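None of the values given here were measured: they were computed from a predicted structure. Below, each value reflects all heavy atoms present in this structure, side chains not excepted, and no hydrogens, waters or symmetry copies.
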Amino acid sequence: MDKLHWLYDLLDLAGTFAFAISGAVAAKQRGLDLFGICAIAFTVACGGGIIRDVCIGAIPPAGLANWHYLAVAILATGMTIGLYPFVQRVNHPVLFFDALGLSLFAVTGAQKALAYGHNGEVAVLLGITTAVGGGVLRDILLNRIPVILAKEIYASAALVGALIVVLGDYLKWLTADWVSIVALITCFALRLLALRYHWNLPVYADEKTSD
Amino acid sequence: MDKLHWLYDLLDLAGTFAFAISGAVAAKQRGLDLFGICAIAFTVACGGGIIRDVCIGAIPPAGLANWHYLAVAILATGMTIGLYPFVQRVNHPVLFFDALGLSLFAVTGAQKALAYGHNGEVAVLLGITTAVGGGVLRDILLNRIPVILAKEIYASAALVGALIVVLGDYLKWLTADWVSIVALITCFALRLLALRYHWNLPVYADEKTSD
Amino acid sequence: MDKLHWLYDLLDLAGTFAFAISGAVAAKQRGLDLFGICAIAFTVACGGGIIRDVCIGAIPPAGLANWHYLAVAILATGMTIGLYPFVQRVNHPVLFFDALGLSLFAVTGAQKALAYGHNGEVAVLLGITTAVGGGVLRDILLNRIPVILAKEIYASAALVGALIVVLGDYLKWLTADWVSIVALITCFALRLLALRYHWNLPVYADEKTSD
């Protein structure tokens, strides 16, 4: 299934690109300068993976050592600045790629943790971290409550994807590649359906309690 | 002193639970969804320990690899949502367990750094980090100034606890277990007294300077 | 060039001190207590280096293991509290030392990454991280958008300094010591000129978009 790995890398870069665009747009709206936009784009695209790599002992983190990620972040910054009206109009494609990136990062994050010999819990937690970590860092840097903690099923979709990878690894019903495909499609479909139908996890708002 | 280690693990989980409750309550008051509450609870309970483990080279971090911590965070989330009126009423017990968790994390954090062969300064700094790191991450995620930086003697109590562990390790007046007990009790008592009598470190408010 | 290393260590501590002062002043203006001021001062002075060390596998991080840094942070806290009117008046010297610290941390950060056998991209990215990481952590803890992402050429100066170190290492036109000196002076001059003439990177403010 070597053909798959070619597709894999392409999807990985597509996900990185989508996350970088989402970061660049948010940073531009806050009035950050060229470097700031680029830094936020890179952070969103690679932050989750860097935290994962530090936690599993993959030194140096791939996001720092592999120039593809940096190049994609710079490209996304350039596009966001040069083609902003266009980028605004492709909001839906961005949500689409963002969902793709989320699914892919959840799956590859969990797989990388397993490949480094860690247990299933580490793999699930770091799959989620890889998928949502960059977005959380972006919101912390831009000084707002991380939206992923309060939005349509997002981190939960990553949880499902990572969980399928780990279960597949234990049960061995399918080959690792097929497990990845099933996890990827499930996570992706869950996120798209949540976006389409505004699915949310229950919120337990307490009318009488103000912060 | 094998009996002590049984007590130890129980206290460790009690501290984790208290921190998880404090995180879940704060997240619920901000209107986060089910996953968000659980994520904040887990972060508060395990964040400090994960930072410590990354800094001392304990890969993977225990907070990610040991399912007890995750289970306790999920349990705390469930209790906070299901029994919120009850949890609100046990505010004082939570402060009590929080102080216990603080003391225990300061002591175990310093001990773990020493056990990994690091020097006393690393042990003290990471003892404090273990004790207060989760709370700092919680406040960063919920977008407020970390209260532990501006409240009744809190991090300072952790400093005292971690310092006693390190001094005990150098001076060897007592066995490691007795040093832990002394450090634990001192830190715990200091925190409870600070809460009771509103002890604070000096603040150097500068009336004429506004930010 | 052993004499240089003596100068080196002195400059390193001067940079640490400048960063610690800038953190202590910001924390004091926010009304934090003694411990809070000291914690912020230490974080600004050592935060970037600790992140770098974790990413390159230098365990334990030098900022935690070497007491010089902690002592400098405590000294800076004491001076900021005891001599506040004086510290306020030396605002320009602080900007000067801050620029020196920025240049030095960018250069030493990149060099340390290379010394640990990592590639040029890791060195550049971690040179920047070392130089600006502490300031970003300070602003996150004090709950504001990191100013370094929106101010006069700052992180970009660190980028130039780190880039010169990496290029020097590849091209080998000069000895490592001379490369450091050139990188240091370039970064420092760039930052001072940017301060003096208010150079900024382009901002792409979008009048019609509000957050």
Apply side chain to side chain contact (heavy atoms under 4.5 Å, CB included) to residues B:N119 and C:W67 and explain how you reach the verdict. CA-CA 10 Å; B:N119 68 28; C:W67 64 269; over 6 Å; no
How far apart are the C-alpha atoms of B:Y116 and C:I59, what are their side-chain angles, what is the distance that settles it, and do they pass the side chain to side chain contact (heavy atoms under 4.5 Å, CB included) test? CA-CA 11 Å; B:Y116 271 73; C:I59 299 296; over 6 Å; no
Side chain to side chain contact (heavy atoms under 4.5 Å, CB included), paired with C:L64, selected from B:V124, B:V122, B:I56, B:T129: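 Going through B:V124, B:V122, B:I56, B:T129 one by one, the side chain to side chain contact (heavy atoms under 4.5 Å, CB included) with C:L64 is satisfied by B:V122 alone.
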Just so I understand: if I count every heavy-atom pair under 4.5 Å between each of C:I140, C:N66, C:V54 and chain B, which residue has the most?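 Going by pairs under 4.5 Å, I would pick C:N66.
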B:I51 CD1 to C:I50 CD1 distance, which is reported to the nearest 0.5 Å: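 Rounded to the nearest 0.5 Å, the CD1-CD1 separation comes to 10.5 Å.
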Walk me through whether B:V132 and C:F35 qualify under side chain to side chain contact (heavy atoms under 4.5 Å, CB included). CA-CA 12 Å; B:V132 310; C:F35 187 90; over 6 Å; no
Side-chain heavy-atom pair C:P60, B:C55 within 4.5 angstrom cut-off: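 A side-chain contact is absent here, since even the closest heavy-atom pair is not under 4.5 Å.
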